[in-house]
Amino acid sequence: MPELYEELGLSGREYQQIRQIQEAEPTHVELAVYSLMWSEHCGYKHSRPLLKRFPTGGERVLQGPGENAGIVDIGDGLAIAMKIESHNHPSAVEPYQGAATGVGGILRDIFTMGARPICNLNSLRFGEIAPLPARAAAAPSAAGPSAAADAGPADGTARQRYLFEQVVAGIGGYGNCMGIPTVGGEVHFEEAYQGNCLVNAMTVGVVSHDQIIRSTAAGPGNHVVLIGSKTGRDGIGGASVLASQEFDEKLEEKRPSVQVGDPFTEKKLLEACLELLQAGRFVALQDLGAAGITSSASEMAAKGEVGIDIHTDRVPLREPDMAPWEIMISESQERMLTIVEPAQWEAVRETCERWDLDATIVGAVTGSQRLRVYHEGERLADMPALALAEAPTYDVEQERPAHERDEPVELAEYPRPHSSCAEILLDLLGSPNIASRRWIWEQYDHQVQLNTVEGPGGDAAVLRIKRSGAGIAVCTDGNGRHCYLDPYRGGKAAVAEAARNVSCTGAEPIAITNCLNFGNPEKPPIASQFARAIKGMSEACEAFGTPVISGNVSFYNESFGEAIYPTPVVGMLGVMPQFERRAEIRFREQGDVVLLLGDGAPALDGSEYQKRWFGKAEGRIPDVELRAELALQEAVRGSIREGIVRSAHDCADGGLAVALAECCVAGGIGARIDLSRVPGRVSGRQDLTLFGEAPTRVVVSVPVEQVESLRSRLQTLGVPSVRLGTVGGEALSLEIAGEELEVSLAALADAYQHGIPRALEESPGSGSIDK
Amino acid sequence: MTAKTVSGAASAEPGAEAPRRMVNFGIVVFPGSNCEYDAHHALSTFPEAAPHYLWHKDHDLDGADVVVLPGGFSYGDYLRTGAIARFSPIMREVAAFARAGGPVLGICNGFQILAEAHLVHGALLQNRGLKFICHPQYLKVERNDTPFTRRFEVGQVIQVPVNHNEGNWTAGSESLRQIEEQGLVVFRYCDEQGNVTAEANPNGAVDNVAGIVNETGNVLGMMPHPERVCEDQVGGTDGRGVFGSLIDHILER
């Protein structure tokens with residue numbers, strides 16, 4: 001027995017604690033249950049103390065963290081439920097099913113609250129899908145924390161393309177079948193994710209205030225009912241084996257720990273559950289995710305301060321000879337646990353039968369406050385529910401990672417490339433991190449449900465709320481490279497950028513959900529990154545008034561001892577009173593005036609330009625000045641709602657030149673631009689003005705007759721601006737300090753639209769991708 | 001189906017004097033359908049349309065004037081799209097209704113089911129590119145003498161999105177001959193100018209077929225989604241012609 005706890009991932013100290021709680025030697029089943037509930041994945045052992053730093057309350061918040069999803073009020077008696085969650089480890093092992101079940105899991109989290117899912121988003125990270133240009137790869141100390149940079153072109157890009165293509169297919173496969181549009185997301189390719197891709201899935205749902213349901217079990221004597229798929233051996237140990245350990249050469253052996261998705265059953269589960277919820281048939285509802293019945297039952301019992309008895313022999317099985325402990329921890333997908341009053345049971349059974357779903361009474365609510373497990377009458381486990389739901393927490397030692405710097409890079413060490421600025425612009429536009437994501441989102445149904453007013457491809461997606469005429473804007477944002485250079489500034493910047501993206505549609509940011517992807521928190525440098533990212537995010541959330549209403553932590557994103565870039569991802573929700581009053585990124589009308597709002601000085605540090613043209617990720621990223629950011633966003637939103645500006649686009653990856661090019665390509669119209677008065681210019685370094693990156697900048701286009709009213713609005717709010725030029729023509733022409741470059745719209749569009757397909761098709765080794 | 005109540009359209013136009021004759025649209029719901037709400041919503045924007053749902057286990061069409069088989073994944077479609085759906089109880093009624101001349105519109109998965117049930121010619125294979133596709137698509141209207149296309153002009157180019165993994169329509173050579181002889185093709189994939197070209201073909205369908213009718217012209221299967229383009233605010237209005245034509249057809253009968 002003593003070795004078993006170790007195999008299950010418990011420490012000696014935890015084992016002693018369990019013995020104390022149980023007042024006896026724990027049984028096999030008890031140990032299995034504890035090991036899962038106290039795993040990092042379920043128990044948040046290393047993160048809980050730090051997560052308390054996040055602001056989580058606010059006038060609109062109807063449900064903060066601690067439930068399956070957070071909920072915020074959007075007026076008219078309606079609310080939005082949302083959450084983002086990682087499925088990194090399963091996706092690294094089996095990309096299609098890992099991504100698909102990630103979507104399935106987050107969808108269940110939303111309809112478990114009584115909300116109907118209205119859209120999905122995601123945030124993805126992979127290693128490079130095409131070799132970096134030779135000039136970048138050849139540079140010393142090439143990008144990132146991973147030392148595998150020397151591997152050359154025969155590197156792992158083929159596997160990264162395989163992972164990327166399969167993850168996209170898996171996300172589409174599940175969401176498309178369910179009839180939930182995938183309307184937005186982001187993807188970055190960096191060497192740091194080569195051994196450990198990130199797949200974060202987010203779902204947003206709509207619910208009437210009076211239909212919200214929670215997972216609090218109540219009423220001793222009530223039935224505990226399992227609805228949905230039969231229970232099999234898939235995903236046994238997913239939470240402990242996959243999610244709470246680093247990867248090594250045994251990656252492939254872990255494949256059986258990945259669950260297999262069945263979106264058809266989930267669609268039935270969704271419809272049946274919402275129908276039953278509307279009819280008031282459930283006391284409480286909880287989906288089965290990590291650690292299966294074990295975590296669902298103990299959490300429901302702990303929240304309700306009641307007990308739950310589970311009879312494993314009553315659980316419908318796919319395989320007849322499963323042991324009770326396997327039944328308790330199986331992570332078979334598409335299942336829900338619900339508390340049903342005996343008087344409602346017949347109605348529940350009948351509805352599930354109509355939807356061809358199993359519904360089985362597998363236990364009962366008791367007054368014992370204990371989770372008890374029985375098999376054919378024999379008691380196999382008896383544990384206090386509260387002890388299970390509250391894993392011990394650990395304060396971790398923090399130490400600033402050695403690579404971090406206090407100063408930005410010296411420009412002198414970055415001589416201007418010999419290539420022309422036009423060449424650099426086209427390279428950046430076509431690079432996998434910036435190029436159009438159309439190749440991805442055309443594989444997603446982004447229209448079903450008929451709410452998608454503005455689909456993928458803009459700064460944020462906009463959906464209408466049919467029942468009220470209001471609109472919501474949603475996006476995901478995160479920049480691991482920035483957080484690698486400075487977790488505090490990077491965390492802050494992630495929230496600021498997400499808010500800016502939502503504001504650029506005209507929506508007001510109201511809440512976030514986040515997914516914190518980090519390495520092994522037991523290592524002091526990782527713990528330090530985690531703590532400081534949370535601090536930065538928290539400060540930004542407080543400034544914007546966007547509480548964190550839900551989220552997820554994913555640790556141990558390491559392979560062979562190398563951690564990923566620290567990658568906090570923000571899912572932002574914004575609201576607009578009328579969905580018709582919004583802006584898109586595209587330039588629209590010839591003669592419109594183009595302005596740059598905000599005066600941040602562009603920097604090389606952490607930019608795409610630095611990575612692709614100098615092969616480095618170093619220096620210190622600029623800090624976001626929150627007051628300036630707030631004023632900028634307020635100005636942008638206000639001018640959109642009053643119909644003053646015609647387009648708005650966040651100026652981010654690739655800098656100002658890339659932002660302008662994107663506005664042109666999206667609108668199918670050129671622009672004549674003079675950058676001679678853009679703030680932060682450095683003599684002789686036009687490349688910095690064009691491609692350097694800074695937060696708190698937005699490019700807008702405005703009809704000539706509206707320029708004055710925009711100017712006065714900006715003045716009132718103290719937002720600096722520069723007139724850049726006018727929309728029109730068949731090319732983007734940029735003039736800066738005597739230098740001029742002109743790139744045809746066709747060339748810009750070609751680079752931008754084909755960047756991803758080219759990276760996938762023209763790379764060595766594609767076509768014979770070795771799985 | 002308590003969760004799915006008929007709403008909206010039944011309330012007709014305010015100030016209408018005599019009760020207007022409403023057209024009953026029966027939308028068949030399989031457990032894995034996912035465009036049934038959209039079809040319902042789109043129809044609700046027509047004052048003359050009264051949409052209601054038909055459950056796949058039902059044995060009658062509840063007085064439907066028109067039957068709509070919506071998009072989705074009827075029974076999961078893990079086997080072959082529409083292969084199981086054709087055996088569902090409601091499909092017996094739909095087939096009888098079609099044989100009696102009742103208009104049946106199959107959209108996307110609905111087209112796949114109609115093909116499996118041999119109510120229209122051909123079969124739908126996986127897309128040529130082996131990927132799911134979702135994007136706006138130009139279609140050329142080949143006929144306007146069907147109950148589905150009366151509001152269009154022959155040769156008109158409309159924009160309707162495609163959204164499928166198995167839309168690569170094909171047929172045997174004998175079928176193809178019959179189809180061409182009888183002019184059963186109603187919509188073809190084309191470019192913005194109406195040219196029916198290989199480049200404009202999103203999925204590899206033979207002869208760019210996007211939609212075809214049966215010999216009697218009362219059953220239409222089409223891969224593109226007209227219900228997604230019935231409102232200005234989302235996607236456009238080119239799909240209104242399909243539902244409007246059906247309304248005209250029933251009201252003038």
Side-chain angles (χ1 to χ4, degrees), chain A residues 116 165 168-169 171-182 262-279 347 351 353-357 438-456 462-464 466 469 471 578-580 582, chain B residues 1-5 7-8 29-42 44-45 55-58 70-79 81 84 108-109 127 129-137 160-165 202 225 227-236 239:
Chain A
R116 177 171 284 278
E165 294 191 26
V168 168
I171 289 171
Y174 211 102
N176 296 348
C177 182
M178 287 284 292
I180 316 295
T182 302
D262 175 5
F264 173 58
T265 297
E266 179 127 319
K267 167 73 173 160
K268 296 190 293 181
L269 199 55
L270 162 73
E271 299 295 347
C273 284
L274 290 184
E275 190 179 319
L276 287 164
L277 279 168
Q278 267 168 15
T351 296
E353 192 173 282
R354 188 151 39 78
W355 283 99
D356 299 317
L357 288 166
R438 181 182 295 274
W439 182 90
I440 302 171
W441 51 258
E442 280 195 348
Q443 296 182 56
Y444 302 149
D445 184 346
H446 49 271
Q447 305 166 331
V448 64
Q449 298 192 21
L450 304 182
N451 298 320
T452 312
V453 175
E454 174 70 13
V462 178
L463 284 86
R464 67 173 171 184
K466 287 200 200 86
Q578 294 166 287
F579 71 86
E580 295 93 343
R582 67 178 197 284
Chain B
M1 297 305 295
T2 49
K4 299 180 178 180
T5 50
S7 66
V29 181
F30 298 100
S33 298
N34 65 29
C35 296
E36 72 275 35
Y37 302 110
D38 294 356
H40 193 287
H41 178 81
S44 301
T45 64
W55 187 232
H56 64 114
K57 293 179 184 175
D58 287 350
F73 291 71
S74 50
Y75 288 84
D77 288 350
Y78 297 125
L79 175 61
T81 56
I84 298 175
C108 197
N109 189 225
N127 299 340
L130 304 181
K131 284 186 168 46
F132 191 97
I133 50 170
C134 176
H135 58 68
Q137 175 68 47
V160 183
V162 290
N163 180 72
H164 57 248
N165 193 49
H225 286 260
E227 83 283 7
R228 293 190 178 187
V229 273
C230 287
E231 290 170 285
D232 264 332
Q233 304 98 328
V234 280

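We name chains A, B, ... by the order of the sequence lines, and we start the count at 1 in each one.
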Checklist entry - Considering residues at least two apart in sequence or located in another chain, which fulfil the ring pair (Phe, Tyr, Trp, His ring centres under 6.0 Å) criterion with A:His446? => result A:Trp441
Checklist outcome for this item: From the list B:Asn109, B:Asn163, B:Asn165, the residue making the most non-hydrogen contacts under 4.5 Å with chain A is B:Asn163
Item to check | Salt bridge flag under 4.0 Å for residues A:Lys466 and B:Glu231 | outcome: no
Checklist entry - With a 4.5 angstrom heavy-atom cut-off, which part of B:Asp38 approaches chain A: side chain, backbone, both or neither? => result both
Item to check | Qualifying residues under ring pair (Phe, Tyr, Trp, His ring centres under 6.0 Å), relative to B:His56, sequence neighbours excluded | outcome: B:Tyr75
Checklist entry - Quick one: SG on A:Cys177 to CZ on B:Phe132, what's the gap to the nearest 0.5 Å? => result 9.5 Å
Item to check | Closest non-hydrogen atom pair, B:Lys57 against A:Glu353 | outcome: NZ-O, 3.5 Å
Item to check | side-chain contact (heavy atoms from CB on, under 4.5 Å) between B:Cys35 and A:Val448, intermediate numbers included | outcome: CA-CA 7 Å; B:Cys35 296; A:Val448 64; 4.2 Å; yes
Item to check | Proximity breakdown for A:Tyr444 and chain B, heavy-atom pairs closer than 4.5 Å | outcome: backbone
Item to check | CH2-CH2 distance between B:Trp55 and A:Trp355, expressed to the nearest 0.5 angstrom | outcome: 3.5 Å
Checklist outcome for this item: Closest non-hydrogen contact found for A:Asn176 with B:Phe73 is O-CE1, 3.3 Å
Checklist entry - B:Ile133 versus A:Gln443: any side-chain heavy-atom pair under 4.5 Å? => result no
Checklist entry - Are any non-hydrogen side-chain atoms of A:Gln449 and B:Tyr37 less than 4.5 angstrom apart? => result no
Checklist entry - chain A heavy atoms under 4.5 Å from B:Glu227: which part of the residue, side chain, backbone, both or neither? => result backbone
Checklist entry - If you look at every heavy atom in A:Asp445 and B:Cys134, which pair is closest and at what distance? => result CA-SG, 3.9 Å
Checklist outcome for this item: All heavy atoms of B:Arg228 vs all of A:Leu450, minimum pair found to be CA-CD2, 3.6 Å
Next on the checklist: Please identify, among B:Cys230, B:Gly71, B:Pro161, the residue contributing the most non-hydrogen atom pairs under 4.5 Å to chain A.
Outcome noted: B:Pro161
Item to check | Interface moiety of A:Asn451 toward chain B, non-hydrogen atoms closer than 4.5 Å | outcome: backbone
Checklist outcome for this item: Nearest heavy-atom contact between A:Phe264 and B:Gly32 is CE1-N, 3.5 Å
Checklist outcome for this item: Counting heavy-atom pairs under 4.5 Å with chain B, the top scorer among A:Gly172, A:Pro263, A:Ala169 is A:Pro263
Checklist outcome for this item: Checked A:Met178, A:Arg438, A:Lys267 vs chain B; the most non-hydrogen pairs under 4.5 Å come from A:Lys267
Item to check | Student check: side-chain heavy atoms of A:Glu165 and B:Lys131 closer than 4.5 Å | outcome: yes
